[in-house]
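Only one structure is covered here, and it is reproduced in the block below.
Letters A, B, ... mirror the listed sequences (proteins, then strands); counts begin at 1. As a basis for the values below, the full set of heavy atoms in this structure was taken, side chains included, without hydrogen atoms, waters or symmetry mates. Here the structure is a predicted model, which means the values were calculated and not measured.
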Amino acid sequence: MSLLEVSELSVVFGNGVRAVDRLSFDLDRGSTLCVVGESGSGKSVTSLAILGLLPGAEVSGRITFDGVNLVAARPAELRALRGERIAIVFQDALSALNPYYQVGFQIAEAYRAHRRVPMAQARRVAVRMLERVGIPDPERRAREYPHQFSGGMRQRVMIAMALCLEPELLIADEPTTALDVTVQAQILGLLDELRRETGTSVLFVTHDMGVVAGLADEVLVMRGGRAVERGPVDRVFAEPAEPYTRALLACVPRIDRPVPDRLATVPPMEATR
Amino acid sequence: MASRTRTASLGASLILGLIAVAGCGGAHGGAADSQAAGTHRGGTLHVLSTIDLEHLDPARAYVTSTQDVVRLVYRTLTTYAAAPGRAGSSIVPDLATDTGTPSDGAKTWTFHLKEGLKYEDGRAITAADIRYGVERTFAPELPEGPPYARTWLAGGASYQGPYKGGDLAAIATPDDRTIVFTLNRPVADFGSAAALPMFAPVPKDKDTGVGYDSRPFSSGPYKIDTFEPKKQLTLVRNESWDQKTDDVRKALPDRIEIDLNLDGSVVDQRMIAAQGEDANAVAFEPIGPASVAQVQTDPTLRARLITGESENTRFLSLNTRRGQLGNVKVRQAIAYAIDKDALRLTRGGPIAGDLATTILPPSVAGHVDGDPYPSKDGKGDPDKARQLLAEAGVAGGIDLTLDAPATNGGKAQAEAIQSSLAKVGIRVAVNEVSGSSYWSTVGNTAQEHDMVIDGWTPDWPGASTYLPIVLDGRAITKQGNNNRAQYDSSAVNSRFDQIAALPDANAANAAYGQLDGQIMADAPVVPFLWDKAAILVGPNVVGAYGHVGYVGRLDLVSLGLRG
Amino acid sequence: MIWYTLRRLGVAALLLLVICALTFVIFYVMPDDPAQQACGKACGPERIAQIRDTLGLDRPLYHQFGSYLVGVFAGRTYGTGALSVHCGFPCLGFSFQTNEPVWRLLVTRLPVSVSIAIGAAVLWLVVGVTAGVISALRRGSLWDRAAMAAALGGISLPIYLTALLFQYVLVIKLGWLPHPHAVSLFVDPLAWVQSMIMPWTTLALLYAGLYARLARGEMVESLGRDFVRTARAKGLPERTVVLRHALRPAMTPVVTVFGMDLGALLGGALITESVYGLPGVGKLASDAINSADQPVILGVTLFAAGFIVLANVAVDLVYALLDPRVRHAT
Amino acid sequence: MRAPSTRAAPLRALLLRTRSVGTRSVLANRATTVSLVAILVLLVAALAAPVLTALAGTSPTAFDTGALDANLGGLPRGGFGGISSAHWLGVEPGSGRDLFARILYGTRVSLLIALAATAVSVVLGTVLGLVAGFFGGWADAVIGRVMDLLMSFPSLIFMIALMSVAPAANRELLLVAVLGFFGWPYAGRIVRGQAMSLSRREFVEAARALGANRRTLLFGEVLPNLAGPVLVVATLSIPACVATEAGLSFLGVGVRPPTPSWGQLIAQAVPWYAADPLYFLLPGALLFGTVLAFNVLGDAVRDALDPRGGGR
């Protein structure tokens, strides 16, 4: 049985926009699925829908995680899953980290949300995680605030936070989009390394076909909220069935500094109004 | 030049927007009580005041409200009798054994002090202390006081006060209990003037100059415990004061707390409710117009309303030196046009007093009834006024500027004048002057406009500190002017001299009454109200009556509390 | 941080100096002659001249301003000889009306203003912020709409209308409360609360509306922040998400506005004190203005400005404490 | 407040917004409509004051002591503030002046001053804010300092002091000047911020790159984009000015009698609040209603222009 099965998932926002339309896919344990598409294709909405983080939107269909339907799950059940078994790394680590708290605390807090341990112990976990994601002098950096970190370092903090509870599923929602190319590569390398070490399944959301190749087992191409094409990464790259996939692939060399994707942040706001 | 009325009538009471009101018929409600209660001592009397006590320093205390209060704290050579009605206007001895002995054709006045007079620290009050007190009024650092010492005492014109000039030769103290004043002119009523606070003793070693204002040394039945300006004055018993030396003050309560600067409507409502400590309270100022209805319709409240007569006349001064107001017909037209009833209504209606038709009020000796500009119910006669304006050749109307205090009451009166004169084609612009600088502004001939909302209370009973001060053309000064009509009639001026020379006081009063009518024919001023004060007292308070010397306010020295 | 504090204080002092100078100039051009004011009633020209000399009014404006400033920082002596009066630090002159040192007047009035301001502030902060936060959490609910309608009504209420209505209903008609009067908290706590409750409520109605709207807006914005989503994604309990992650950033602007408002209120709740007749700094100001008591007007203006400027500095410092980004930027 | 991205955005957003769906907007729209109508009615009534008082046969300054009971201290006869066929809203105690006429003329005075003062502060604020934000440098430094200074003034005390020393003539004009002067930094700060961010936007950069001169940029690109925020500031400044003018007149330093204004009417009613509550309730309620209506309208405009601001 797959770890995650999404079937007939639809997300409709309060303003009537249908962001995801009858989407189905599944993800096996230990494997990596890349969801690819341009801005507005519904890929980020899908990842938020899995975590139940779309207040005000109407979500229908089924999202089965290890046998549990997340769409119908009670808030407490969802909360128990979040962070503990399904973690997420957001695109913009600067805004995703709370500027008012030390990064060590923010990681420890995630840990303590699911483990009844004293704060001091959680902080030690945080420092260890920071070390593990390659942040030098982690003891000291744990006491610093997000704005004191560089973009790449912040994203490492996000990853440390996501992985501190060794989740079974890691959703990486455009984790490298805001970074420049060399840092992108470092972060991707880190993710890949950690994935191998922990055996975590990864749902990798990106608009950049370029990063897909080295990372994914399978690829899901989305457009306008629907799945356009799905298949093993080698097959999709070698012989894309859809013209849209071909077009995406054709774009690859030209995109080096993509336009920021606003969809990741705008829908939850609009949805509530 | 006296002007106790200034603050009493307009300045202070209007600053707070509470307008003096007086009762009907001049009944002296508390008089009967005072005998019944005379003996009970003790308790704390509360006085709720909407105004402030301007200056406690005897050299500077020159408004009736303050004089009413400081009579509790220090004594003067003579003072007003403590009595209701017109009996209150008689002058009686206080520190002195009599009201003074004139000699040298009233150019020398001798006073002897009683025995056993003491200050709050137990030491004796001496004649030298009174001399020092009078000398202080010459110091320019201590302004505001009455000018009599400066104008009457020989050599006073060049004397700079005790801080710079040593002693004044015109005051002699042959022994500790005798004081002799040498004047530069005959002054028949110097004994009355000696009731002013400036004739109170000030011990030289206690004089703190300007600072004396906040804590004058006590020679009366009470001494100052605490004084927070604009907030509260607390008086406690002066144990050194001896009742036997004092025929005026009863000194019944142990403690007197005077709350200052309260809101007028709050005082009224607290006095009406009279709950808790307020049962032992009296209002300091008359009730406001807004509270009249409540009091008049409730018999128990009416019983607690004390109405006092005053010597105050309110009038509109017409600046005879300006434009069309130089024309007597225009002035007479204004005298006809003014709706006195509307003016009185802004102050609360009949309870505020009687409509005035002459300058001297009925409470002042010499008053002669008369109404040269009659109209039905005092509401004005616009037809007659228009006719006079036409005769004056200004039927098309004129524009005038009225000086009025920038207070609720002042504005209301200004609007009433505006409204009545508008009916006869006189357009009135109102120049508001802030309450405290009102009298210094309209008393500055360069700053005075066409008309002034005015009034006068004599400094002591009698017409001699009335008409000559307000209407003698030779008394017009550039600053501190009291003749706001700037009225200068040689006939009237010479008549003033003739009356001043009259040896008999009654003849002089009668002559002033006759002169009043003569001046009214010229209409330099338009009298509209003879004030009365209607004051609420708490149910526990006894001995309350309005005192004519304090424009109808309660005589504080006679108040007591039921046991 | 120390350097930052010092710099802010320096700017504040400069600001006060400018305000002082402006106020001074404006009152200098006042039509009322200060000497005539100080002289009071029966006042001859020679006496006015003497007072001018004592007050230094015949000297040039900059000289007078200089003396005033020296007085503020080091005290000054008016007049000469036996009658000279020393006015100690901080000397804001003497009232023309009462001859009291202006500083003492201010200090004696301050407790009343503080009583009003603090009580009202507690009330409106608790009511307003709570209502605003709940509204933000339940956007679009009946509560939200009712609270926001009430808030809009509150901010539109003129203080004197509320005050008169309260007095008419609670004091006159129902007799539940006494007329407000100045009582010290330390002398009679019950009477203090009784006489302060109407002024508190009057001010709180107005400000609670403002703060409810402000808190709601900030909270809505804060709840939409990415880091709040992150907090939820971590599986934190909703209470922690709201209180720890959404509320704290939302409160930073509220604290800013609060500091300014409190500073202004301590400088005198002018209309409130006037309507209720409470002898606070605001009443002192309006009385002084009515009687053209220039030294007091000048003093109160400076005093009030001082509070506002100090509140500014305090707000900046608190802001730095609250927001690590500001702290590290300085 | 966020900047709309295209030139025509503010108005389009405003129009779109008022047609938007959802119960909350409908409710809000109803309140907005009521407010708008109320304000229009008030404006018309103010303009037509002479006509309306002529219809009622009254004047705001004529005394009618006959309507008062002199023995009750000048309280209006017949209770309810003396409401009668001759005096539709009763009379003023103590003078008998007609309240309907006084309130109507008071509306005229209060609204005129508020609107004029708002105009002054918005124009001043826009011009100076624009200069500061668009040109930056020393202009920004100077204007910014002045705005800081004005905003740290104890402005009410200062306004009162200023008004109390000001000459008696032309009080209305003076009030407009004083209110406008102390009001402009609020508009100025917002405009400055907007102008600053706008002048760095792509379309301005683009226009600049195309060789547009400063004036074209200012009037062609930046200014039109400020219309929205300025409209909001103006709408919210009106009730603030109404309230401040009333406050000043209430404290006795506003317009001078016999000219009525709302604040002055209420100030005169204070001593009478226990004896004749209608006297303060009528102008007070009108003042409250007007300020509320303008606030509702201001909120609506802001919501329309800034969908994300959510009722701030």
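Contact of the F90(A) side chain with the T230(C) side chain is registered, since non-hydrogen atoms from C-beta on lie closer than 4.5 Å. Side-chain contact between L236(C) and R79(A) is absent, with no heavy atoms from C-beta onward closer than 4.5 Å. At least one side-chain heavy atom of R232(C) sits less than 4.5 Å from a side-chain heavy atom of R82(A).
Rounding to the nearest 0.5 Å places CZ of F227(C) at 10.5 Å from CG of L94(A). Here Y101(A) contributes atom OH and R244(C) contributes atom CZ; the two are 6.5 Å apart, rounded to the nearest 0.5 Å. Once rounded to the nearest 0.5 Å, the distance linking OG of S95(A) with CZ of R229(C) reads 7.5 Å.
Minimum heavy-atom separation, A113(A) to G235(C): CB-O, 3.9 Å. Residues P99(A) and P324(C) come closest through the heavy atom pair O-CG, 3.0 Å.
Within 6.0 Å of atom CZ in R138(C), 12 or fewer heavy atoms from other residues, nucleotides or ligands are found, so the atom counts as exposed in its surroundings. E77(A) CD: more than 12 foreign heavy atoms inside a 6.0 Å radius. Within a 6.0 Å radius of CD in E139(A), no more than 12 heavy atoms belonging to other residues, nucleotides or ligands are found.
Among the residues in residues 103-110 of chain A, those with a non-hydrogen atom closer than 4.5 angstrom to a non-hydrogen atom of chain C are F105(A), Q106(A), E109(A), A110(A).
Only the side chain of I88(A) comes within less than 4.5 Å of a heavy atom in chain C; its backbone stays farther off.
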